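Scroll down for the structure; my scribbles are underneath it.
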2 protein chains.
Amino acid sequence: MKNKIFAIDDERDIQEIIKVNLEKEGYEVNTFSSADLAEKHMKKGNIPDLIILDIMMQGTDGYEFCKRLKSVKEYASIPVMFLSAKTEEFDKVLGFELGGDDYMTKPFGVRELKARVKAHLRRTETLHAKETQVLRYKGVELYPEQYALSIDGSSVDLTKTEFFILRIFLENPGKIFSRDNIIDSVRGQDAYVVDRTIDVHIMNLRKKLGPYKNIIRTFSGVGYGFKE
Amino acid sequence: MKNKIFAIDDERDIQEIIKVNLEKEGYEVNTFSSADLAEKHMKKGNIPDLIILDIMMQGTDGYEFCKRLKSVKEYASIPVMFLSAKTEEFDKVLGFELGGDDYMTKPFGVRELKARVKAHLRRTETLHAKETQVLRYKGVELYPEQYALSIDGSSVDLTKTEFFILRIFLENPGKIFSRDNIIDSVRGQDAYVVDRTIDVHIMNLRKKLGPYKNIIRTFSGVGYGFKE
DNA sequence: GCAATTGTGAAGATTTTGTTAAAATTTCCA
DNA sequence: TGGAAATTTTAACAAAATCTTCACAATTGC
């Protein structure tokens with residue numbers, strides 16, 4: 001999923017440079033000419049993954065906005081990169097003191113900006129919990145990451161081959177696979193086995209599927225498939 | 001608890017400036033004149049919370065060191081701040097590409113350095129808190145900060161390799177790791193060992209797990225994993 | 001009904017893993 | 001720094017798990 005970035009700066013040119021370049025990197029970029037506008041947008045439930053923030057602006061200035069942001073638990077973990085014409089060390093230190101995560105000075109290099117943005121997002125993405133994928137049909141659940149099958153909640157062990165066969169079925173409901181198709185996707189293109197071998201795997205799979213054994217259907221003369 | 005910082009730079013003066021100023025802030029600072037020395041220290045179990053890294057050095061240079069660090073799961077989350085006389089945008093971008101988290105150019109302002117260090121530690125501390133937590137499953141308790149394992153209350157010594165393997169299992173319950181996955185997270189990306197080597201580590205681990213040896217399950221043709 | 005196709009149990013072949021001991025490497029300590 | 005101890009890695013073989021085949025029974029489709 002695309003990472004969302006807010007660029008808050010009262011100069012249209014800067015907004016454009018940031019937007020164009022970061023979108024080229026595959027980010028979704030929203031630009032705002034003031035912190036107040038950005039804040040309004042966030043209150044509507046539009047939460048960015050990173051904020052690029054000018055300091056001197058009409059209305060709420062960057063420092064103030066950052067400080068406010070970091071005091072709200074929901075927003076505190078969003079990285080804030082200051083981007084300002086203020087080059088004094090004092091200004092930078094203040095930015096960090098108020099909770100900022102980075103500080104770049106104008107004029108800035110686009111490539112450095114992109115690199116820094118990427119670095120911050122890299123660091124935060126581990127925080128975002130990864131959800132495990134599941135292939136499900138009724139009480140049958142297959143967890144690709146875990147090579148595991150659960151039938152009505154209780155787990156069943158599969159062999160590697162059984163796992164791959166069941167997976168191509170669940171990934172392609174309705175599709176019928178010939179025995180060649182099946183063995184190809186499980187063992188690679190140039191593996192040859194006797195047809196009866198696949199039948200045996202199917203049989204073993206059906207045994208393990210218990211009450212759901214009929215989700216694997218036989219199409220005489222054609223092959224096997226999963227059909228609801 | 002004090003945050004530990006490694007400052008790696010071949011100039012004694014720089015080392016001193018960093019050490020003195022950051023210690024004033026309450027950090028524990030270790031200085032090294034080469035990345036190789038720092039790495040040796042880390043292998044002994046001395047893990048910093050942040051690394052300040054020069055680029056041009058004798059032996060392994062900063063870029064190379066950073067890249068290697070980020071490829072080892074154990075070290076990947078440690079923030080790396082480059083501190084270099086190389087001011088070209090290209091150099092900065094490269095630093096970030098290799099997994100760096102920040103880049104300051106020499107000469108640098110001490111106050112800005114302190115502010116940036118603080119910002120990085122602020123960001124990682126929540127993550128870090130989780131990392132030093134005890135990993136527990138039934139009577140098995142793993143203490144990440146001391147390579148120690150306790151089984152039903154009595155402590156068992158683990159070797160470093162055993163510790164890391166057990167840890168990735170306990171951190172990812174249900175997930176299955178191939179032998180390559182395992183050795184990669186323990187030794188870094190481009191380490192090659194024979195498959196049977198991992199089996200031996202697993203066997204030794206199981207012996208030490210005593211009554212809980214079966215929490216490490218074998219998935220034939222796939223790898224190993226921890227499953228409740 | 002009959003030929004073709006599929007289901008099934010068990011035996012055999014193959015692959016994968018477990019285990020031991022010894023070699024190579026690293027770490028530790030005097 | 002040298003050498004002992006600890007650790008990691010490897011090789012060789014045993015054991016286990018998995019896959020494949022075969023023979024024949026059961027089923028399907030015309």
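As the structure is a prediction and not an experimental result, all values here were calculated from the model. Atom set for the values below is all heavy atoms of this structure, side chains included, hydrogens, waters and symmetry mates excluded.
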*asked:* By the 4.0 Å heavy-atom rule, please label B:Thr197 as base, sugar-phosphate, or nothing.
replied: base
_On DNA chain C, does the nearest nucleotide to B:Ser220 precede the nearest nucleotide to B:Val200 from the 5' side, or the other way round? Give the residue._
B:Ser220
*asked:* Please verify the inter-ring angle class for A:Phe226 with A:Tyr137; under 30° counts as parallel, over 60° as perpendicular, anything in between as tilted.
replied: perpendicular
*Could you give the NZ-to-C1' distance, from B:Lys208 to D:dT8, as a whole number of Å?*
12 Å
*B:Arg217 CZ to C:dG18 C1': how many Å, rounded?*
17 Å
*Residue A:Val194, side-chain atoms from C-beta onward, closest of C:dG7, D:dT21, D:dT8*: D:dT21
*May I have the distance from A:His201 (atom NE2) to C:dT15 (atom C1'), rounded to whole angstrom?*
12 Å
_We want to know whether A:Asp102 and A:His120 form a side-chain donor-acceptor pair, criterion being a heavy-atom distance below 3.5 angstrom._
yes
*Are the aromatic rings of A:Phe96 and A:Phe82 close, with centres under 6.0 Å apart?*
no
*asked:* In whole Å, I'd like the distance from the NZ atom of B:Lys207 to the P atom of C:dG18.
replied: 13 Å
*May I ask you to verify if any side-chain N or O of B:Tyr224 is less than 4.0 angstrom from the OP1 or OP2 atom of C:dG18?*
yes
*So which nucleotide from D:dT8, D:dC19, D:dT20 ends up closest to the side chain of A:Thr159?*
D:dC19
_Side-chain N,O (A:Arg179) to OP1/OP2 (C:dT5) below 4.0 Å_ = no
*asked:* Expressed as a whole number of angstroms, how long is the span from B:Phe219:CZ to C:dT17:P?
replied: 12 Å
_d(CG, A:Asp157; P, D:dC19) in whole Å_ = 13 Å
*Between D:dT9, C:dG9, D:dT18, which nucleotide has the shortest distance from any of its atoms to the side chain of A:Met203?*
C:dG9
_Side-chain donor/acceptor of A:Glu141 to backbone N/O of A:Ser150, under 3.5 Å_ = no
*Is any side-chain nitrogen or oxygen of A:Thr161 closer than 4.0 Å to OP1 or OP2 of D:dC19?*
yes
_I want to know whether A:Tyr224 and A:Phe169 have ring centres closer than 6.0 Å._
no
*Starting from P on C:dT17, measure out to CG on B:Asn204 and report it in whole angstrom.*
17 Å
_Rounded to whole Å, please give me the gap between CD1 in B:Ile202 and C1' in C:dT16._
15 Å
*Under 4.0 Å: is that the gap between some side-chain N or O of A:Arg206 and OP1 or OP2 of C:dG7?*
yes
_Does A:Val186 reach a base, just sugar-phosphate, or nothing at all? Heavy atoms under 4.0 Å._
nothing
*In terms of the nearest nucleotide of DNA chain D, which residue is placed more toward the 5' end: A:Asp195 or A:Leu158?*
A:Leu158
